[in-house]
Amino acid sequence: MAVKIGVLALQGAVSEHIKALKASGADAQAVKHSSELEDLDGLVLPGGESTTMRRLMDETGLYDSLRLFAENKPIFGTCAGLILMAKKIEGRNGPHLGLLDIDVRRNAFGRQVDSFEATLNIRHVGDNFDGVFIRAPYIKSVGSGVEVLATYDDHIVACRQGRFLTCAFHPELTGDTRLHRYFVGIVEENR
Amino acid sequence: MLAQKGTDVVKRGMAEMQKGGVIMDVVNAEQAKVAEQAGATAVMALERVPSDIRKAGGVARMADPAIVEQVQKAVTVPVMAKARIGHIVEARVLESMKVDYIDESEVLTPADDVYHIDKKAFTVPFVCGCRDLGEAARRIGEGAAMLRTKGEPGTGNIVEAVRHMRLVNSQVRKVVGMSPDEIMVYAKELGAPYDVLLQIKEAGRLPVVNFAAGGVATPSDAALMMELGADGVFVGSGIFKSENPAKFARAIVEATTYYQDYERIAELSKGLGTPMKGIDMSVLQPSERMQDRGI
């Protein structure tokens, strides 16, 4: 049976992730309430605005539910999702969910006029991947248990720590599902 | 590994990241912080909110760059700003300041009563207003990477935004069901670029996100626009003209995400105080209708 993966749907590029997950052989659904996490095998934290998502998490009790979910389920965060997962965020007091042993810088490449597309080679996933960076963060440093999967201009832009996967760019905007398929594989192994 | 900036994917993608969110008008750094803390996905920096522009009369222009700069320093969410329709230089000035999105807006007095800005020539993305699919397709043809309904700004009256959202969506459905020869004639009727309509048919939707704007005054108004298919909401005068802006802003953000949780909307609408007073459309003179500018 196909794995069931949720996409946190408080705000952001939700439908694109659902489409990419379905194209990767998973069942996918939007998640707005804690109760919807119950029968999921994995979760995607999409791109959007991390401050907005965090405020809505606090308002609805999702914050605690997500931390609990993360104790044994895989999570894939893109862009804002990466910031939600990081243990250390430059210029901010404390992390959000604090799942990944990484230190991140927000809007690290500059404002929107500096947003860009670049070709990436991603370890375990494949080469010539269209990396779409939108007001993107990058990872300044990673802890010892974290495997770096991709860099751009000497900055870390994708990594994995066990069941947690993250990237600073937006695979959901490209139609290239290789990274989503890689995550579906992690979810299948974990089930 | 050569990086490409200002591509369609990057410009339109930036708006995709705003989906399900609320973009709030602010006139200073303090308001920008209130908006960000309430959960705004972006702020629109301007000198006066639309209802004050209405009251003041005269020519409304791009905001003082000092205000834009203060707002940029105050928040980490994207900062948008308005340029007058057709005012290439105001737009270039805002681009040079690294504003994240430019609203070529009918809320300001148009600088050009014939032409819009050639937005493809810019690296910064643009959002434009539309009342029907003809306007929407023309703006996309000029390079707009995001759309919004025009509504009737600064009135606190949702009726025009509802009309525009319903019309655009019904026209999109019509195009999707048409054959290419029918689309050519429909393009002529709408004054719309044929190739943009073909893209819409192929994708089954507009190629860019379409937000609601122009008259959102309550959490229920925001939820209504989401129900009608808006990708997100702009709130102009509604928030900082209300009695308790921080509370009001939080309520609008939550109602936009949970637009079908009616008990929640009831709860968060309690004791919000008086929303902005609002203006009935029938009392507006033709010259006061901002939506008729730049079509």
Side-chain angles (χ1 to χ4, degrees), chain A residues 8-17 30 32-33 46-60 62 78-80 83 89-92 106-107 109-121 128 130-137 151-153 169-170 172-175, chain B residues 1-23 35-43 72 75-80 94-102 122-125 145 205 209 231-232 249-251 253-254 256-261 264 268:
Chain A
L8 187 69
L10 297 176
Q11 185 273 315
V14 177
S15 56
E16 291 82 355
H17 270 296
K32 283 190 185 185
H33 304 94
E49 287 301 320
S50 57
T51 46
T52 304
M53 293 186 208
R54 173 61 193 273
R55 203 196 73 68
L56 286 164
M57 278 180 204
D58 287 342
E59 204 77 44
T60 56
L62 260 168
T78 60
C79 196
I83 292 160
I89 303 163
E90 190 182 83
R92 188 181 192 282
R106 289 178 287 180
N107 302 338
F109 295 98
R111 291 188 166 273
Q112 172 61 17
V113 287
D114 302 308
S115 293
F116 62 97
E117 290 181 73
T119 307
L120 304 172
N121 298 332
N128 297 316
D130 181 15
V132 180
F133 293 81
I134 297 175
R135 298 176 83 253
T151 59
Y152 172 73
D153 206 12
F169 48 91
H170 294 283
E172 75 279 11
L173 293 182
T174 62
Chain B
M1 283 290 249
L2 200 68
Q4 280 188 296
K5 294 183 182 181
T7 61
D8 277 351
V9 172
V10 157
K11 287 176 169 178
R12 292 174 180 182
M14 157 80 207
E16 302 280 346
M17 298 310 138
Q18 292 285 312
K19 281 195 301 189
V22 181
I23 300 167
E36 184 178 50
Q37 276 157 21
T41 48
V43 293
Q72 283 176 315
V75 296
T76 64
V77 294
V79 175
M80 303 185 171
L94 292 172
E95 182 180 52
S96 79
M97 295 182 70
K98 297 198 167 200
V99 157
D100 292 298
Y101 237 90
I102 295 176
F122 286 69
T123 306
V124 67
R205 50 159 289 181
V209 304
D231 288 309
R250 283 202 304 273
V253 167
E254 222 177 304
T256 302
T257 294
Y258 294 99
Y259 64 93
Q260 287 177 322
D261 284 11
R264 189 191 292 265
L268 56 85

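Just so you know, these numbers use all the heavy atoms, side chains as well, and skip hydrogens, waters and symmetry mates. Owing to the predicted nature of the structure, the values given are computational and were not obtained by experimental measurement. Throughout, protein chains are lettered first and strands after them, A, B, ... in sequence-line order, and every chain is numbered starting at 1.
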*Rounded to the nearest 0.5 Å, what's the gap from CD on B:E16 to CD1 on A:I134? Could you check?*
8.5 Å
*Who among A:C79, A:G131, A:G12 has the most heavy-atom pairs with chain B under 4.5 Å?*
A:G12
*With a 4.5 angstrom heavy-atom cut-off, could you sort out which part of A:V113 is near chain B: side chain, backbone, both or neither?*
both
*Is a donor on one side and an acceptor on the other found under 3.5 Å between the side chain of A:K32 and the backbone of B:T257?*
yes
*Pick from B:R250, B:R264, B:E36: which one has the most heavy-atom pairs with chain A under 4.5 Å?*
B:R250
*asked:* Between B:T123, B:V99, B:V22, B:T76, who has the most heavy-atom pairs with chain A when the cutoff is under 4.5 Å?
replied: B:T76
_Any non-hydrogen side-chain atom of B:K5 less than 4.5 Å from a side-chain atom of A:Q112?_
no
*Most heavy-atom pairs under 4.5 angstrom with chain A, which of B:G232, B:P125, B:G21, B:G6?*
B:P125
*For A:A9, is it the side chain, the backbone, both, or neither that has a heavy atom closer than 4.5 Å to a heavy atom of chain B?*
backbone
*Region of A:R111 in contact with chain B, defined by heavy-atom distances below 4.5 Å*: both
*asked:* With rounding to the nearest 0.5 angstrom, report the CG to OG1 distance, A:L10 to B:T256.
replied: 12.5 Å
*Residue A:D114 versus chain B: region with a heavy atom under 4.5 Å*: both
*asked:* If I measure from the heavy atoms of chain A, does B:A42 come under 4.5 Å with its side chain, its backbone, both, or neither?
replied: neither
_Flag side-chain contact, heavy atom, 4.5 Å: A:R55 against B:Q37_ = no
_Residue B:D261 versus chain A: region with a heavy atom under 4.5 Å_ = side chain
*Kindly compute the distance separating CD (A:Q11) from NZ (B:K19), expressed to the nearest 0.5 Å.*
10.0 Å
*asked:* Donor-acceptor pair, distance only, cut-off 3.5 Å: does the side chain of B:Y258 make one with the backbone of A:H33?
replied: no
*May I ask you to test the A:S115-B:K11 pair for a side-chain heavy-atom distance under 4.5 Å?*
no
*Of all of A:R54, A:H170, A:R135, A:M53, which one pairs up most often with chain B through heavy atoms under 4.5 Å apart?*
A:R135
*Output the option from A:T60, A:T174, A:N107 having the highest count of non-hydrogen pairs under 4.5 Å with chain B.*
A:T60
_Nearest heavy-atom neighbours spanning A:A118 and B:A3_ = CB-CA, 4.4 Å
*Are the side chain of B:T41 and the backbone of A:E49 linked by a donor-acceptor contact shorter than 3.5 Å?*
no
_If you count heavy-atom pairs within less than 4.5 Å of chain B, which of A:D130, A:L56, A:V132, A:V14 leads?_
A:L56
*Please tell me if the side chains of B:M17 and A:L173 come closer than 4.5 Å, counting only heavy atoms from C-beta onward.*
yes
